[in-house]
Amino acid sequence: MNWDAYPESTALPELLKLQNGSPVKTPEDWMKRRRPELQELIQREMFGYLPAPQPFTATVTKTVPDALAGKATLKEIRLKFTQLPPEAPEIRLALWIPNRHPAGKIPVFLTLNYCGNANVTTDPHTTIHTDRFCSKKEWIGQRGGQADFWCVEQVIDRGYALATYHESDTKADKNEWNDGLFPYLKSNQVPAGSQPATIALWAWGLLRCVDQLAQEPQLDPWRICLLGHSRRGKTVLFAAAMDERIALVVPHQSGTGGMALSRENNQETVERINRVFPHWFCGEFKKFGGNEPRIPFDQHAVASLVAPRLLLDTEGDQDAWANFPRSLETLQAVNPVWKLLGKTGLVGSGLITSVTEIQPGKVGELLQLRLPEKHTLTKEFWTGILNYADLMLPE
Ligand code: GCU
């Protein structure tokens, strides 16, 4: 490997400096020049290039006006990509819209689920699909395996819609490349080492769901929020970095390759994540295993691309593997970008440890909410996330 183009730096690469060495002084310098440079870098060297959007037809395959015991209307929508061959997989989106909500357009949380939409809630109306890959065998064909995790009723009761699709609609979570949408979305224009890997394909699917949600008459296109857990937390951070339509991103316990810095990461190293999950990041990223100081960016560069929007990093203090201290450092490292764009950014250190601390003036666009929890999503996390969304999303 010739490392000439990758000088070693144990310090975090500077965000507010263009590749040609000029300082980034104005919001325009950031949005028009530095942001595109960083988007190019993280795609080429880490995630692979996000494929271009594809036109699709959206067919509502089911509408249930009294889903969730009458609390929500369930809409199941199939996104069929009209310029791909007919056998290319469709994305099956499930959307629960609250039947009771404050006047006006409804904000929405979009998530990526592990094992099919019916796994998200015990509600009997959601269609069960068993034709896609799911690594948890016990969840296949079963309803509500993760109902306590997604807390759909709680989200609905708070006046938010919830939308979700199964990751395997776009790419199964395994190191095989002949299923899902990869065969149709890989591009001859892109070098092999920068083809979109699994996380980029999952993110692409989320962004196509955003295309659809932005058209839903009841939903507010200015209050589309993305939430993902762990490997899917890495995914939503990348998606929000690439697309300004996301108003709030919650990379929940996203760890290495997400909010946690790769340099001096004493939990999951880049070498380990590439070895155990070789399909998450593109081929180019492999060379950085054991060579972290040569990465020409770090995870703060990915997070910085969310500016000036809302970035809520939720962590559990019993989830050391996700490296929440190194994630808090990411928030601190990106704060100058929010400031440059005229925002508050962090208030104080940016860390709170109780949902009751989410109060006007006490939190900014950048926040780590660290609760006494393990590697999971709970009602209490949702309370914090929804309180933060109530307080911080645009009116
Ligand atoms: C593994 C992996 C993490 C990942 C996690 C998850 O623990 O090492 O990087 O975030 O799985 O997705 O739950």
Side-chain angles (χ1 to χ4, degrees), residues 42 46-48 111-116 119-120 132-139 145-146 148-150 164-175 180 197-203 205-206 226-241 249-282 285-286 288-290 292 295 298-300 302-303 311-330 368-371 373-378 381:
I42 65 167
M46 183 173 184
F47 296 98
T111 71
L112 187 62
N113 71 69
Y114 299 40
C115 195
N119 189 45
V120 167
R132 301 266 207 263
F133 174 79
C134 168
S135 52
K136 278 230 176 186
K137 301 247 171 355
E138 65 273 26
W139 282 347
Q146 277 198 308
D148 295 342
F149 185 99
W150 292 113
T164 188
Y165 91 88
H166 180 196
E167 60 197 20
S168 294
D169 288 358
T170 44
K171 170 78 181 74
D173 189 9
K174 53 184 173 179
N175 192 21
T198 302
I199 285 179
L201 293 165
W202 289 344
L206 285 169
L226 270 189
L227 179 143
H229 180 231
S230 211
R231 63 199 69 180
R232 301 147 194 103
K234 311 179 206 299
T235 305
V236 295
L237 182 65
F238 175 61
V249 61
V250 187
H252 181 55
Q253 304 178 327
S254 61
T256 300
M259 285 296 293
L261 294 169
S262 298
R263 280 171 175 73
E264 292 174 43
N265 190 317
N266 63 358
Q267 298 295 328
E268 187 174 26
T269 61
V270 169
E271 186 281 324
R272 202 265 185 193
I273 204 167
N274 279 329
R275 177 165 42 82
V276 180
F277 305 101
H279 53 294
W280 287 355
F281 304 106
C282 73
F285 198 54
K286 308 291 182 288
F288 297 118
E292 288 82 353
I295 307 176
D298 207 313
Q299 293 312 107
H300 68 323
V302 185
L311 170 49
L312 172 62
D313 174 43
T314 42
E315 304 284 349
D317 70 3
Q318 294 156 46
D319 183 23
W321 188 238
N323 208 342
F324 46 83
R326 285 302 261 167
S327 302
L328 183 59
E329 285 179 67
T330 292
Q368 183 176 98
L369 169 65
R370 191 188 298 169
L371 295 181
E373 298 284 359
K374 302 195 181 84
H375 192 63
T376 187
L377 186 57
T378 62
F381 274 123

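Along the sequence shown, the residues carry numbers beginning at 1. Ligands are counted one by one from 1 in listed order, and the atoms in each one are counted from 1 as well. Just so it is clear, the structure is predicted and the values come from calculations on it, not from any experiment.
Between F47 and F281, the angle of the ring planes goes over 60°, which puts this pair in the perpendicular group of the 30/60° scheme.
Annotation: cation-pi pair K136/Y114 absent, no NZ/CZ under 6.0 Å from the ring centroid and within 45° of its normal.
With D313 as reference, Q368 is the one residue of H252, Q368, R370 to meet the side chain to side chain donor-acceptor pair (under 3.5 Å) rule.
Annotation for N175: atom CG counts as buried by contact number, over 12 foreign heavy atoms lying within 6.0 Å.
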Practice prompt. Test N113 against N119 for side chain to side chain contact (heavy atoms under 4.5 Å, CB included), laying out the working first.
Written response: CA-CA 8 Å; N113 71 69; N119 189 45; 5.5 Å; no
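Atom CH2 of W321 sits about 4.5 Å away from atom CD of E268, to the nearest 0.5 Å.
Closer than 4.0 angstrom to ligand 1 lie heavy atoms from S230, R231, K234, E268, R272, I273, F277, W280, W321, H375.
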